[in-house]
Protein chains: 2
Amino acid sequence: MKKEITIYDLAEKLNISATTVSRGLQNHPAININTKKKIFDLAKELGYQSNKFASSLRKQKTHTIGVIVPRLNSLFMSSVLSGIEKVVNNAGYNLIISQSFEQEEKEKTNAITMYNNRVDALIVSLSYDSADFTHFNNFINKGIPIVFFDRVTDSLPVTKVVIDNFKAGYDATMHLIEQNCKSIMHITGNLTRNVYKDRYEGYRKALADSYIPFSDDLFITNDLSEQEIYNAVTNNILKRKQLPDGLFATNDSAAAYALTLFKEAGLKVPEDIAIVGFNNDFISKVTEPAITTINYPGNEMGENVARILINHLDGEGDLSLTSTVILNSELIVRGSSLKSKV
Amino acid sequence: MKKEITIYDLAEKLNISATTVSRGLQNHPAININTKKKIFDLAKELGYQSNKFASSLRKQKTHTIGVIVPRLNSLFMSSVLSGIEKVVNNAGYNLIISQSFEQEEKEKTNAITMYNNRVDALIVSLSYDSADFTHFNNFINKGIPIVFFDRVTDSLPVTKVVIDNFKAGYDATMHLIEQNCKSIMHITGNLTRNVYKDRYEGYRKALADSYIPFSDDLFITNDLSEQEIYNAVTNNILKRKQLPDGLFATNDSAAAYALTLFKEAGLKVPEDIAIVGFNNDFISKVTEPAITTINYPGNEMGENVARILINHLDGEGDLSLTSTVILNSELIVRGSSLKSKV
DNA sequence: TTGTAAGCGTTATCAC
DNA sequence: GTGATAACGCTTACAA
């Protein structure tokens with residue numbers, strides 16, 4: 001293992017001081033242009049690499065951004081991450097990523113790790129069951145910016161990037177109503193999470209506006225795993241005497257899986273039951289029929305989150321002024337819900 | 001912004017030296033148990049956080065592992081990452097993740113960034129077009145372990161974790177032949193990548209073993225994007241006088257999309273054309289018919305990669321002894337290929 | 001069992 | 001325009 005090259009090595013060879021080398025490397029305006037050139041040339045020649053630890057230690061800044069998400073293995077989340085990574089990387093920051101596996105406990109330890117790693121900023125999408133948010137207080141007290149996206153909370157004074165889930169839920173439900181559905185189910189996640197709660201409320205409002213009474217029987221909430229969707233469809237919905245004629249599922253995987261199970265049971269989609277999903281994952285395009293869904297641009301959301309943060313860290317833009325950013329989302333109508341040709 | 005607590009603060013309050021505090025915090029065996037307790041108690045009380053930069057600077061070790069993958073936004077990759085994150089995190093390491101966006105150039109800059117970040121180890125799945133691997137020499141020369149997974153190369157002396165793509169390709173093709181397919185297409189990616197090359201060779205071997213001549217017309221290679229698959233199916237395959245009666249696609253998304261396009265064109269699957277995909281993504285379960293595929297456990301692969309690395313870093317296990325790890329994969333037969341009920 | 005002192009590589013401050 | 005020096009917070013010989 002060969003020894004690392006430091007600014008002292010460069011300084012010695014050039015017969016100047018380490019200070020000057022440091023300044024030169026950072027393009028300090030007061031340094032003579034020729035000196036700079038000499039420094040850069042030698043640095044390149046010797047393969048000099050700046051030591052980030054020394055620099056971070058000295059500057060008390062890490063150029064690292066922490067990300068805590070519920071899970072890495074969903075298409076939506078990957079797209080968001082992809083967007084974040086792109087922007088953040090271009091701005092010269094690094095990303096430390098961890099998953100809470102949908103558990104508050106893991107989220108807490110992850111937050112501590114991030115704090116110990118002295119991240120310059122934190123990006124969070126909350127776990128399924130997080131109800132207590134004290135693990136973020138460290139950051140807030142120390143002035144480390146946090147941005148929440150998708151799964152957010154109002155109980156913390158931080159920037160949020162979301163879509164209008166209420167409107168999306170309303171639109172999805174209204175669309176089913178317009179397709180003449182009278183008995184519309186809604187399958188969704190934990191109602192303490194804003195995304196699910198808002199969609200649910202949109203669903204209820206659309207029913208109310210259409211004078212369709214809400215029924216507890218038509219509303220299912222679970223953890224949205226493959227297993228739970230299977231249970232809900234096979235052991236619950238399909239066992240009923242009176243089947244629903246519409247389903248609004250809170251994500252496309254659930255919608256696609258339900259669609260598959262319905263068809264296996266001999267039901268026709270959309271004739272017997274019309275389906276609307278959420279997210280516009282690729283999966284919604286390859287079922288038969290293709291699934292009507294809400295376009296939810298994960299990549300764009302990730303890029304927005306990252307951009308807001310970078311602007312703040314680099315001193316442009318004020319995070320506190322833009323405390324909630326709402327991105328566009330819209331209904332995409334496909335075969336799974338189109339009973340009537342309008 | 002309140003000042004950080006350091007070991008000196010603890011030392012002062014306890015009237016001992018910083019050295020003792022440092023040792024105590026690390027459970028050094030020579031430190032008196034009561035002293036230790038006092039140290040830990042005070043550390044907790046004051047909310048002391050070890051400064052990783054100072055520690056890294058001093059120890060020349062970062063407890064950080066770098067990951068470079070082609071893209072983050074695929075289900076397979078997310079599963080791998082999820083597996084890596086889980087193991088690595090449990091072992092107290094951090095993850096820095098970056099994507100090459102399938103470009104050698106970006107992969108090179110990512111590698112440099114990782115190197116500058118002084119990662120303790122590197123995990124890589126190669127980009128679509130990487131042909132030159134000199135950007136990994138820094139790591140190799142310095143003895144920083146690298147593990148490749150999925151998209152690997154033989155030209156570097158590093159550990160590799162893969163599945164037997166040749167066998168998988170052979171099995172997939174053989175299955176189609178057994179279903180009486182006579183004209184079997186193969187759609188895959190860049191043949192310089194081991195995964196695609198090996199599957200391709202498995203495909204050819206299965207044909208050869210069955211005395212079916214290979215035909216260039218039945219072989220398509222492209223970048224596997226949605227657009228390219230659309231082109232291949234719509235502007236090429238469907239325009240032929242003589243349609244193929246079998247398709248082996250190198251991933252499930254491509255298979256699912258092709259299946260959808262075939263059906264739109266009025267073809268029947270599997271009667272007119274039988275399809276086999278690859279990966280066993282969730283998407284393969286919700287098409288109609290469901291897609292026969294090769295089970296490729298991303299999560300397991302990620303966990304294996306991470307475990308090998310951690311063992312090595314922690315001094316157990318010798319990386320050089322286990323230079324290629326081959327994980328199991330097997331054919332999962334579903335409706336998309338089942339012409340005959342055997 | 002504990003302490004002293006040096007050093008990891010950088011950058012901020014002050015001086016010239 | 002450039003340099004000397006101290007400091008960031010930790011670990012580790014070496015000493016006691």
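Here is the naming used below: chain letters follow the sequence lines, and residue numbers restart at 1 for every chain.
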Exercise for review: Would you indicate what B/Ser55 reaches in the nucleic acid, counting non-hydrogen atoms under 4.0 angstrom: base, sugar-phosphate, or nothing?
Suggested key: sugar-phosphate

Check your understanding: Which part of the nucleic acid, if any, lies within contact of B/Ser56, taking any heavy atom under 4.0 Å across all strands shown: a base, the sugar-phosphate backbone alone, or nothing?
Key -> nothing

Do the side chain of [X] and the base of [N] come within less than 3.5 angstrom through a donor-acceptor pair of N or O atoms?
| X | N | answer |
| --- | --- | --- |
| B/Tyr8 | D/dC8 | no |
| A/Arg58 | C/dT10 | no |
| A/Arg23 | C/dT13 | yes |

Ignoring backbone atoms, test whether [X] places a side-chain nitrogen or oxygen under 4.0 Å from the OP1 or OP2 oxygen of [N].
| X | N | answer |
| --- | --- | --- |
| B/Ser22 | D/dT11 | yes |
| A/Thr20 | D/dG3 | yes |
| B/Thr6 | D/dG9 | no |
| A/Tyr48 | C/dT10 | yes |

Review point. Taking the nucleotide of DNA chain D with the closest heavy atom to each, which residue, B/Phe53 or B/Thr19, is nearer the 5' end?
Key: B/Phe53

I need the [atom1]-[atom2] distance between [X] and [N], as an integer number of Å.
| X | N | atom1 | atom2 | result |
| --- | --- | --- | --- | --- |
| B/Ile5 | D/dC10 | CD1 | P | 10 Å |
| A/Asn51 | C/dG7 | CG | C1' | 13 Å |
| A/Asp9 | C/dG9 | CG | P | 9 Å |
| B/Leu57 | C/dC8 | CG | P | 9 Å |
| B/Gln60 | C/dG7 | CD | P | 15 Å |
| B/Ile7 | C/dT4 | CD1 | P | 13 Å |
| A/Arg118 | D/dC8 | CZ | C1' | 11 Å |
| B/His28 | D/dA13 | NE2 | P | 11 Å |

Check your understanding: Between B/Lys59 and B/Ile31, which is nearer to the 5' end of DNA chain C once each is assigned its nearest nucleotide?
Key -> B/Ile31

Exercise for review: Specify the residue among B/Ala54 and B/Pro29 whose closest nucleotide of DNA chain C lies further upstream toward the 5′ end.
Suggested key: B/Pro29

Exercise for review: Would you indicate whether the side-chain heavy atoms of B/Thr20 and B/His28 approach each other to under 4.5 Å?
Suggested key: no

**Study point:** Approximate separation, where rounding is to 0.5 Å, of B/Leu10 CG and B/Ile16 CD1
**Key:** 8.0 Å

Check your understanding: Taking 4.0 angstrom as the limit, do A/Arg193 and A/Glu102 come out as a salt bridge?
Key -> no

Point to revise | Ring centers of B/Phe133, B/Phe148 separated by less than 6.0 Å | key: no

Review point. Does A/Lys106 NZ have over 12 foreign heavy atoms under 6.0 Å away?
Key: yes

